[in-house]
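This chain uses plain numbering: 1 for the first residue, then up along the sequence. One-based numbering, in listed order, for ligands and for the atoms of each.
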Amino acid sequence: MTFLITAGPTHEPIDPVRYISNRSSGKMGYAVAEATLDAGHDVILISGPVNLSPPRNTKFISVSTSDEMFEAVHRHADESDVCVLCAAVADYKAAHVSPVKIKKRSAEFSLELIPTRDILHSLGRRQDRKFLLVGFAAETDHLEANATKKLREKNCDIVVANDARIGMETDENELLILFRDGERKKISRASKTFLARELVKIFSNSQQKRLTKKM
Ligand code: CTP
């Protein structure tokens, strides 16, 4: 199988030296990419800016902004059997990007922000998709309720939910996996390497099941 995996944050420019971003390290996405390769599958890794080296033997696509990630995902989604969107895409970007450095002034300053495009949602809306669609949900409160809402609204097959305070910038995580048919699985705190291996097994089994159902 071929897995398309997004990882890391995005950088949304404000001017040539500043951007909006978040604390995502990319570790979970890169761990899923490693585990996918170890299981003998192919990987297309679409990554925002991170301090990690891409695993060897991946088709690696480096992006910076949410728009670049959106385009890259849509260009390659149909080559994949499983799309795993781990990236922490910025939800907003500057309405106007200044071509020159914005100078400091003593007056108050506010920035107009507009929503970015939701990549997961745009894939979920595709009626013709053949790939299994997996989203991630990093929450600080009402984990299950918020993740269930994302599963439904973004029309995913699976949502992997975690507490953002445990998972961000660390090597460990604790996961709650929600499936379209209402099934749920918990994996208690473990290394991202271990969790990634479990996830890859779950994703490839789920895609196999989808395919046999459709035959
Ligand atoms: N996602 C995406 N494109 C965006 C925002 C999010 O593809 N512009 C994907 C993420 O990769 C993840 C899922 O949507 O798989 C959920 O992301 P998250 O940031 O938890 O949720 P949001 O939809 O942004 O909602 P909120 O920030 O309100 O929790």
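- From Asp157, atom CG reaches atom CZ of Arg180 across 4.5 Å, with rounding to the nearest 0.5 Å.
- When atom types are taken as modelled, the side chain of Thr10 and the backbone of Ala90 share a donor-acceptor pair closer than 3.5 angstrom.
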Provide, line by line, the atom pairs where ligand 1 and the protein bring an N/O atom each to a distance under 3.5 Å; else say none.
residue  : atom   : partner : partner atom : Å
ligand 1 : 3 (N)  : Ile119  : N            : 3.0
ligand 1 : 7 (O)  : Ile119  : N            : 3.4
ligand 1 : 7 (O)  : Leu120  : N            : 2.8
ligand 1 : 8 (N)  : Arg117  : O            : 2.9
ligand 1 : 11 (O) : Leu85   : O            : 3.2
ligand 1 : 11 (O) : Ala87   : O            : 2.6
ligand 1 : 14 (O) : Lys154  : NZ           : 3.0
ligand 1 : 15 (O) : Leu85   : O            : 2.6
ligand 1 : 15 (O) : Phe136  : N            : 2.9
ligand 1 : 15 (O) : Phe136  : O            : 3.3
ligand 1 : 20 (O) : Lys150  : NZ           : 2.8
ligand 1 : 21 (O) : Lys150  : NZ           : 3.0
ligand 1 : 23 (O) : Lys154  : NZ           : 2.5
ligand 1 : 24 (O) : Asp91   : OD1          : 2.8
ligand 1 : 24 (O) : Asp91   : OD2          : 3.2
ligand 1 : 27 (O) : Asp91   : OD2          : 2.9
ligand 1 : 29 (O) : Lys150  : NZ           : 2.9

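- Applying the salt bridge (Lys or Arg N to Asp or Glu O under 4.0 Å) test to residues at least two apart or on different chains, none of the pairs has a partner in residues 33-50.
- Legend: residues meeting ring-ring contact (aromatic ring centres under 6.0 Å, His included) with Phe3, ordered by chain and number and at least two apart, are His41.
- Using a 4.5 Å cut-off between side-chain heavy atoms of Ile, Leu, Val, Met, Phe, Trp and Tyr, with links allowed through other members, Phe70 and Val63 fall into the same hydrophobic cluster.
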Listing, residues 95-106 side-chain donor-acceptor contacts under 3.5 Å, not counting sequence neighbours, or none:
residue : atom : partner : partner atom : Å
Ser98   : OG   : Val100  : N            : 3.3
Ser98   : OG   : Val100  : O            : 2.5

